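Here the structure is a predicted model, which is why all the values come from computation and not from measurement. All heavy atoms count here, side chains included; hydrogens, waters and symmetry mates do not.
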Amino acid sequence: QVRLVESGGGLVQAGGSLRLSCAASGRTITWYAMGWFRQAPGKEREFVAAISWNGGSTYYADSVKGRFTISRDIAKNTLYLQLNSLKPEDMAVYYCAARRELGSSRTASEYDYWGQGTQVTVSS
């Protein structure tokens, strides 16, 4: 069993930056692809970014491409999401997820483990 715990969310002004972390415990995530999703009030959970098991491939939603960066530290068993140039529409609860596959996915249902989420609030 993998336990994922997100941190790093908070309140930031539009144009600001945050760095989200997702610490894994219970089992190494070395061989797992990882992803970030977000859910705003009244909206469905949506894909944000994903990374393959070795970090060799990354994927982004068009809405965050060029502003967000996903990365992972295998030694620390941790996933990151750097959020730059934040916009009010980025405001949501951000979730990290792990997939028991080497390749990543943009589809939430293809992930096996989820964190509890961390709130990102962007003021205009």
Side-chain angles (χ1 to χ4, degrees):
Q1 190 75 7
V2 173
R3 180 170 181 254
L4 303 174
V5 179
E6 302 96 334
S7 62
L11 172 63
V12 63
Q13 287 188 332
S17 298
L18 285 173
R19 188 193 196 202
L20 307 184
S21 298
C22 172
S25 62
R27 182 176 295 181
T28 178
I29 56 171
T30 300
W31 310 110
Y32 291 10
M34 304 290 293
W36 286 98
F37 292 77
R38 66 186 181 186
Q39 188 166 18
K43 295 187 177 181
E44 293 187 354
R45 190 168 298 191
E46 66 173 356
F47 169 76
V48 175
I51 189 167
S52 61
W53 72 281
N54 62 353
S57 298
T58 56
Y59 304 93
Y60 297 92
D62 288 343
S63 60
V64 307
K65 200 172 296 183
R67 300 187 298 120
F68 292 7
T69 303
I70 189 171
S71 62
R72 65 190 302 167
D73 186 328
I74 293 176
K76 294 183 178 180
N77 226 25
T78 302
L79 177 73
Y80 302 99
L81 186 68
Q82 178 68 39
L83 293 68
N84 295 331
S85 303
L86 281 161
K87 304 176 181 180
E89 52 263 43
D90 293 319
M91 186 161 58
V93 177
Y94 283 71
Y95 299 90
C96 73
R99 182 170 188 251
R100 290 179 299 202
E101 299 286 346
L102 300 181
S104 57
S105 171
R106 298 170 181 260
T107 305
S109 62
E110 295 185 354
Y111 285 80
D112 302 290
Y113 303 101
W114 291 84
Q116 83 291 344
T118 185
Q119 176 71 47
V120 171
T121 302
V122 184
S123 63
S124 56

Taking salt bridge (Lys or Arg N to Asp or Glu O under 4.0 Å) as the definition, give me every residue that meets it alongside [X], ordered by chain and number, with sequence neighbours left out.
X      : result
Glu46  : Arg38
Lys43  : none
Arg3   : none
Glu110 : Arg99

Applying disulfide (SG to SG under 2.5 Å), which residue pairs with at least one partner in [range] are found, sequence neighbours left out?
range           : value
residues 40-94  : none
residues 55-95  : none
residues 82-111 : Cys22-Cys96

Show the nearest heavy-atom pair for residues [X] and [Y], with the distance to one decimal.
X     : Y     : result
Ala40 : Ala92 : N-CB, 3.8 Å
Ala49 : Leu81 : CB-CD1, 4.2 Å
Asn84 : Ser17 : OD1-OG, 2.9 Å

Taking side-chain contact (heavy atoms from CB on, under 4.5 Å) as the test, write out the residues that go with Ser7, two or more places apart. Ser21

For Ala14, which residues count as a side-chain contact (heavy atoms from CB on, under 4.5 Å) partner, sequence neighbours excluded? Pro88, Val122

Between Ser105 and Thr107 (side chain of the first, backbone of the second, donor and acceptor by atom type, cut-off under 3.5 Å), is there such a pair?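 Between the backbone of Thr107 and the side chain of Ser105 there is a qualifying donor-acceptor contact (under 3.5 Å).
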
Rounding to 0.5 Å, atoms CD (Gln1) and CG (Asp112) come to a distance of 10.0 Å

Interatomic spacing from CG in Leu86 to OG in Ser123 - rounded to 0.5 Å: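 Answer for the CG-OG pair, Leu86 versus Ser123, is 10.0 Å.
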
Please determine whether residues Met91 and Trp36 belong to a single hydrophobic cluster, defined as Ile, Leu, Val, Met, Phe, Trp and Tyr linked transitively by side-chain heavy-atom distances below 4.5 Å. no

Are Ile51 and Leu83 co-members of a hydrophobic cluster defined by side-chain heavy atoms under 4.5 Å apart? yes

Mind checking who shares a hydrophobic cluster with Trp114, ILVMFWY linked at side-chain heavy-atom distances under 4.5 Å? Phe37, Phe47, Tyr59, Val93, Tyr95, Tyr111

Listed once per pair and sorted, the salt bridge (charged side-chain N to carboxylate O under 4.0 Å, His left out) pairs that draw on residues 77-88, sequence neighbours left out: none

For residues 61-74, tabulate all N or O donor-acceptor pairs below 3.5 Å that involve a side-chain atom, not counting sequence neighbours.
from, atom 1, to, atom 2, distance (Å)
Asp62, OD1, Lys65, NZ, 3.2
Arg67, NH1, Ser85, O, 2.9
Arg67, NH1, Asp90, OD2, 2.7
Arg67, NH2, Ser63, O, 2.8
Arg67, NH2, Asp90, OD1, 3.0
Arg67, NH2, Asp90, OD2, 3.4
Arg72, NH1, Tyr32, O, 2.7
Arg72, NH1, Ser52, O, 2.9
Arg72, NH1, Trp53, O, 3.3
Arg72, NH2, Ile29, O, 2.7
Arg72, NH2, Tyr32, O, 3.0
Asp73, OD1, Ala75, N, 3.1
Asp73, OD1, Lys76, N, 3.1

Do Leu20 and Val120 come within less than 4.5 Å of each other through their side chains, counting heavy atoms only? yes

Glu6/Gln116 under side chain to side chain contact (heavy atoms under 4.5 Å, CB included): CA gap, chis, key distance, verdict: CA-CA 7 Å; Glu6 302 96 334; Gln116 83 291 344; 2.9 Å; yes

